[in-house]
Amino acid sequence: MTTWTSDALTAIGGADELRITPLRGDGTRHAPVPIWVVRDGDDLYVRSYRGAGGAWYRAASRSHRARIDSGGVHADVDLLPETDPDRNQRIDTAYRTKYQQYGAAYVDPMTADQAKATTLRLLPHDAT
């Protein structure tokens with residue numbers, strides 16, 4: 001099983017943004033969208049600021065696949081929904097800590113139930 005390398009975790013987890021390009025059902029790619037990314041241990045997570053209505057999230061939740069570019073790392077990933085309440089609480093904390101400089105107007109929506117319901121774990125594609 002393939003996992004993130006330490007260097008990739010550090011680069012992606014430390015980057016301010018991640019560009020996600022979800023795959024369509026026919027395998028073609030949507031346009032890339034910049035989003036926030038956080039790290040919890042050896043895992044990386046993203047959420048939709050707009051909740052389930054976000055266009056990139058709708059596409060990603062259909063295909064469960066995307067291309068990411070962040071911190072100099074380019075990778076095809078599988079997107080796995082994260083529903084564990086304890087893990088989601090840690091992800092909330094990670095968003096608040098990492099992005100606090102943007103203020104509550106931007107961070108609070110990322111930790112609201114609407115966004116929390118869209119939490120996706122990023123796995124290198126050949127890991128599943």
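Note: hydrogens, waters and symmetry copies are ignored here, and every other heavy atom, side chains too, is used.
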Checklist entry - Going through the distances and angles, do Arg65 and His125 end up as a side chain to side chain donor-acceptor pair (under 3.5 Å)? => result CA-CA 8 Å; Arg65 295 277 316 280; His125 175 59; 3.0 Å; yes

Item to check | Working for side-chain contact (heavy atoms from CB on, under 4.5 Å), residues His30 and Leu23 | outcome: CA-CA 6 Å; His30 282 266; Leu23 293 182; over 6 Å; no

Hey, any chance [X] and [Y] share a hydrophobic cluster, counting ILVMFWY side chains that come within less than 4.5 Å of each other, even indirectly?
X	Y	result
Ile68	Val33	yes
Leu9	Leu123	no
Ile35	Ile12	yes

Minimum heavy-atom distance between [X] and [Y], given as atom pair plus value:
X	Y	value
Gly71	Ala11	O-CB, 3.4 Å
Thr111	Tyr95	CG2-CB, 4.2 Å
Tyr106	Pro109	O-CD, 3.4 Å
Arg39	Ala94	O-CB, 4.0 Å
Ala60	Pro22	N-CB, 3.8 Å
Ser70	Ala15	OG-CB, 3.2 Å

Next on the checklist: Taking ring-ring contact (aromatic ring centres under 6.0 Å, His included) as the cut-off, I'd like each qualifying pair that reaches into residues 31-70, sequence neighbours left out, listed once.
Outcome noted: Trp36-Tyr99, Trp36-Tyr102

Under the salt bridge (Lys or Arg N to Asp or Glu O under 4.0 Å) test, residues paired with [X] that sit two or more places apart:
X	result
Asp43	Arg87, Arg121
Arg29	Asp76
Lys116	Asp92
Arg58	none

Taking [Y]'s backbone N and O only, do any of them form a donor-acceptor pair with [X]'s side chain (distance below 3.5 Å, no angle check)?
X	Y	answer
Asp69	Ile20	no
Gln101	Gly103	no
Thr28	Arg24	no

Checklist outcome for this item: The side chain to side chain donor-acceptor pair (under 3.5 Å) partners of Arg50 (sequence neighbours excluded) come to none

Next on the checklist: Applying side-chain contact (heavy atoms from CB on, under 4.5 Å) to Val46 and Thr118, what does each step give before you reach the verdict?
Outcome noted: CA-CA 8 Å; Val46 295; Thr118 68; over 6 Å; no

Item to check | Side-chain donor-acceptor pair present, Asp7, Thr5, cut-off under 3.5 Å | outcome: no

Next on the checklist: For a quick check under 3.5 Å, do Arg47 and Thr119 share a side-chain donor-acceptor pair by atom type?
Outcome noted: yes

Next on the checklist: Show, in sequence, the C-alpha distance, side-chain angles and deciding distance for Ile91 and Glu82, and conclude whether the side-chain contact (heavy atoms from CB on, under 4.5 Å) test is met.
Outcome noted: CA-CA 10 Å; Ile91 294 166; Glu82 181 57 63; 4.3 Å; yes

Next on the checklist: Which residue is it: Leu79, Leu80, Val77? I am looking for the one with a side-chain contact (heavy atoms from CB on, under 4.5 Å) to Leu120.
Outcome noted: Leu79

